[in-house]
Number of protein chains: 2
Amino acid sequence: MPKILYAEDQERYRKLVKVFLETAKFDVITVEDGEKALEYLSHNNDVDLILLDIMMPNIDGKDVCKYLRKTSDIPIIMLTALADSSNEVDGLNLGADDYISKPFSRDTLIARINCVIRRCENKRSKNYHVNGFEFFKNKGVLRIEGKEISLTPKEILLLEFFLNNKDCVFSRNQILDSVWGFDYYGNPRTVDTHVKSLRSRLGEFGQRIKTARGRGYYYQS
Amino acid sequence: MPKILYAEDQERYRKLVKVFLETAKFDVITVEDGEKALEYLSHNNDVDLILLDIMMPNIDGKDVCKYLRKTSDIPIIMLTALADSSNEVDGLNLGADDYISKPFSRDTLIARINCVIRRCENKRSKNYHVNGFEFFKNKGVLRIEGKEISLTPKEILLLEFFLNNKDCVFSRNQILDSVWGFDYYGNPRTVDTHVKSLRSRLGEFGQRIKTARGRGYYYQS
DNA sequence: AGTTATTGTGAGAACTTTGTGATAGATTTC
DNA sequence: GAAATCTATCACAAAGTTCTCACAATAACT
């Protein structure tokens, strides 16, 4: 029975949603703010999904999400009142897996929870065994000839991008869009720097990241 | 000017988005449901991207997407209201290239459209299997007898030009117009130099690029 | 064969693009 | 809140590309 942690300050919602979810065969723990949610999680490692209201006293949903994402890729769904739906993009950029606006129906809620759980099963612990080395995406660690090398966050994203798009040339701007986000407007040459550091982390495999002069970079499989 | 087909039943959105996109130098055709979208596409082959609202009368966005994907890889972006219980993953599993939830900002929309268009250009770029060799256009690489030879940007363009126009003689100026661009005013003999280097890259296949004395060059298939 | 027009070719200057180390500012960690 | 780490940008070095020119080679024509 999947276990869901639900953080919500309004008692009415807490009770209602708990019933909704229990009828759908979920195990539900409710807490009334973000602080309590984090406290619960620090002692318990068996939660399958977190439902986070955005507006809460003490620590709000956004901060909980941001904080959790530093160390975990546990599925998170954010809940918000329609009035602050302008925050949607923010919420997703925080790393939430889905976003539901209040009020929602029982069926919507359950369908989306199931969907996120299914999706995250695949996403979690996605590791790469490439020709000569291993890349543990979640840990952000490379294993090359038995040695473990840890990568910085940007290096992780960039390597993942290359490995998901092998043999395909991408311009610096395309890479910025995909890795940094489409709303990032920085110097395209920043990509060069990160390619450089990634190459050096990869050691002899650094050569796999090819330069397509005048057009961009690609990973050669 | 890229052409976008926008299917949306709500008139308010139709008008607003049309204006958004036109200010960003897109050519926009709006239709009010999925059926009309398919009808339009059956007569027109010049659409660069399709924006599909999910909820529409007659044929909805999901079905349009599913139907189009059987025969085409034209870029598709799905739009949905947050309240829709239908969700992101379903949309993407249908084969859509991106997914934007309403309400969205003008900048978000345009950034993501540009991103999808660029990404798809890359995906759709073709490779060439010519009689004796292979040309991977996106990587700018030739494979001849198992050896990979990389080309310079101009060589890539020139070879692509020849392969797209086999057995057809072009003067130096026509080649300059097509490969270098209409606004390039340089010495036509520059073409000779590039033909020379392309021939040498092609090795034994260099002979396929023929000189039509007094008239120009052509690729013999 | 001699003359002329056209193309092939090698060298190199001018230019463009990429690699790299330093550095300052952000961010995270302790 | 200090220290460590990470990120973005810059400036300059290094590498690669493009274009032009001069001359050699070739073809066409008389």
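Lettering follows sequence order; numbering is per chain, from 1.
- Going from atom CG of A/L198 over to atom C1' of C/dG19 covers 15 Å, rounded to whole Å.
- Heavy-atom neighbours of A/K15 NZ from other residues, nucleotides or ligands within 6.0 Å: at or below the threshold of 12.
- To the nearest angstrom, P of C/dT28 lies 14 Å from CD1 of A/I156.
- Under the 6.0 Å cut-off for aromatic ring centres, A/Y128 and A/F133 do not qualify, their centroids lying 6.0 Å or more apart.
- Other residues, nucleotides and ligands place more than 12 heavy atoms under 6.0 Å from the CD atom of B/E22.
- B/R143 and B/E148 are joined by a salt bridge, as a carboxylate oxygen and a charged side-chain nitrogen come within less than 4.0 angstrom of each other.
- The aromatic ring centres of A/Y13 and A/Y6 sit 6.0 Å or more apart.
- By the 6.0 Å contact criterion, CD on B/E204 is enclosed, its count of non-hydrogen atoms from other residues, nucleotides or ligands being greater than 12.
- For DNA chain D, the span of nucleotides reached by chain A at under 4.0 Å from its heavy atoms goes, 5' to 3', from D/dC6 to D/dT17.
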(request) Classify every nucleotide of nucleotides 2-9 of chain C by which part a protein heavy atom approaches to under 4.0 Å, writing B for the base, S for the sugar-phosphate alone and - for neither, in 5'-to-3' order. (result) ----BBBB
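- The ring of A/F162 has its center no closer than 6.0 angstrom to the ring center of A/Y219.
- Scored by the side-chain hydrogen bond (donor to acceptor under 3.5 Å, both in side chains) test, A/S200 finds no partners at all (sequence neighbours excluded).
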